[in-house]
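Accompanying notes for the structure given below.
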Amino acid sequence: MQQTVRTATLELMRRLGMCTVFGNPGSTELALLGDWPDDFHYVLGLQESAVVAMADGYAQASGRAAFVNLHSAAGVGHALGSIFTAYKNQTPLVITAGQQARSLLALQPFLGARDATEFPKPYVKWSCEPARPEDVPLAIAQAYEIAAQAPCGPTFVSIPSDDWARPAASVVHHAGSRLIAPDPAALSQIAGALGTSARKAIVFGPGVGRENMQQEVTALVERIGADAWAAPLISRDGVAQNHPRFAGFLPAAPGPLAEQLAGYDCVLVLGGPAFLLHVGEGLHEIEHMPAIFQITDDATSAAASPLARSVIGSLALAVPALIGQLDRKSPPLSAARAAPAVPSTESLTAELAMHVIARIAPDDAAIVEEAPSHKSAMQRHLPVGPNQRFYAMASGGLGFGFSAAVGIALAQPERRVIAIIGDGSAMYSFQGLWTAVQEKLPVTYVILNNGGYGAMRAFSRMMQIRNVPGIEVSGIDFVQLAGALGCPASRVDRPDDLESALREAITADGPALVEIAVGSAIASLYENRPS
Ligand SMILES: Cc1ncc(C[n+]2csc(CCOP(=O)(O)OP(=O)(O)O)c2C)c(N)n1
């Protein structure tokens, strides 16, 4: 039987393992979606920013590229914030969008996307509207390869609606190798520096989780007796936060960062930018940091870290090679890290909520965080264990966590996903809850409701800027919101009710939501030292 663009594309997607499609449909996508095959799962998101965030979570948790289908320019427009975040997260996504029929395009039609390939730039690695309909499957194969090559990220293909029915040939596609071999001489130099160093630190970035190298990096830390620090604004898990050598979270402010690293004579940054900064405080001080090496698969990020001596390579090759060059004898491990102090049970605080979640969360839970002013409470009281997973966004753009939790649960249904989300952040992609309900996913939403944008309150105080409008957000009833979308929900106003509400939500069959009234006390930002 003669293949069409549609059948050749579906065949390719099967071979690439992309049979889950995250989308929101319109008339320009119908020719793809009609007679939807039984072996494909269409995951409907009710707004495109939620669609892409779900796909981002799915791709991160499954470790492979996810497929997205959006509706022409308006759908891509809604999705742009999440595309920016996926780009910063270095998540491989093949994003497709419908385009008006080629036969109409010259007439400036309804739904026609002008300069469609330009619209998502610069936050896609590659963008294409194939010159001929029959080139669509090949464009998708190329989009997949480019998305999955380091540094991973989203790619974009715009597809005119009349292309799908046109004849096309099957695509011959052989997946390329994705690993980048580091320069052995440069690795020997790092091994030499670590070997002679008296006080060494390993800083693990999000690349460690992305490459699934948590165990190997932990073995390296143990082998050399280094302190293990989480990179500033870490967005994935790495060395377990209850490991005896875990030292804490580096701040995203250059002065405090330099202060934390001042006592070391050798620092090795693995899988992350060196360093992701948020505020400029003490910028000149980073010049006085100790010798810094980094191993990353992202040459552009390496170039933006002038202080570090960079080796470009995959951690999957670099870390075992480095371990092979080091002394065989590991220094003894100190006793396990002391458990964090128990927060007061007098009032209902984010600290107390984190403490209770830490106690009752399954030891293989996936924790999602998007509660900016409560980051340090989480870092103090909810240490991510060796079998747990952690996801946050690397971009600074809110709207990722709530929907990413849906994609993570779809990819790893055996894990309980616990999404800890601020009331402000929740409202950027609350539509994700509808999908979680429809798909019956084991996601527990914990909404820390402080009646507004706590991080903005904290920044205003830090920057001594007064009377800022638009940061108090009262009057949202999350229990009713969740109920309207079919999700069981409860609200906690007293410390005594916290544990039972959380236990119920964490053991629920499908999704559940707990809204916790944490009060509006202004949190301190960048106090990231563990207690
Ligand atoms: C898309 C987007 N819009 C606005 C901001 C600015 N912003 C940073 S933190 C924040 C408040 C978030 O509030 P919430 O989720 O309730 O967490 P809290 O800060 O109260 O802990 C806002 C609006 C942003 N980072 N991203």
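Counting starts at 1 for both ligands and their atoms, following the listed order. Atom set for the values below is all heavy atoms of this structure, side chains included, hydrogens, waters and symmetry mates excluded.
A salt bridge links Arg389 to Asp237: at least one charged side-chain nitrogen sits closer than 4.0 Å to a carboxylate oxygen.
The shortest heavy-atom contact between Asn387 and Asp363 is CB-O, 3.3 Å. Smallest separation of non-hydrogen atoms from Gly452 and Asp423: N-OD2, 2.9 Å. Nearest heavy atom pair, residue Pro386 against residue Asn242, reads CD-OD1, 3.7 Å.
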Measure from every N or O atom of ligand 1 to the protein's N or O atoms and keep only the pairs below 3.5 Å, writing each with atom names and distance to 0.1 Å.
residue, atom, partner, partner atom, Å
ligand 1, 3 (N), Tyr428, OH, 3.4
ligand 1, 15 (O), Ser425, N, 2.7
ligand 1, 15 (O), Ser425, OG, 2.6
ligand 1, 16 (O), Asp423, N, 3.3
ligand 1, 16 (O), Asp423, OD1, 2.8
ligand 1, 16 (O), Gly424, N, 2.7
ligand 1, 16 (O), Gly452, O, 3.1
ligand 1, 19 (O), Gly454, N, 3.2
ligand 1, 19 (O), Ala455, N, 2.7
ligand 1, 20 (O), Asn450, OD1, 3.2
ligand 1, 20 (O), Asn450, ND2, 2.8
ligand 1, 20 (O), Gly452, O, 3.2
ligand 1, 20 (O), Gly454, N, 2.7
ligand 1, 21 (O), Ser373, N, 2.8
ligand 1, 21 (O), Ser373, OG, 2.6
ligand 1, 25 (N), Gly396, O, 2.8
ligand 1, 26 (N), Leu398, N, 3.1

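Tyr445 places a side-chain N or O within 3.5 Å of a backbone atom of Phe402 that can act as its donor or acceptor partner.
Under the 3.5 Å distance criterion, with hydrogens and angles disregarded, a donor-acceptor pair is assigned to the side chains of Gln60 and Arg236.
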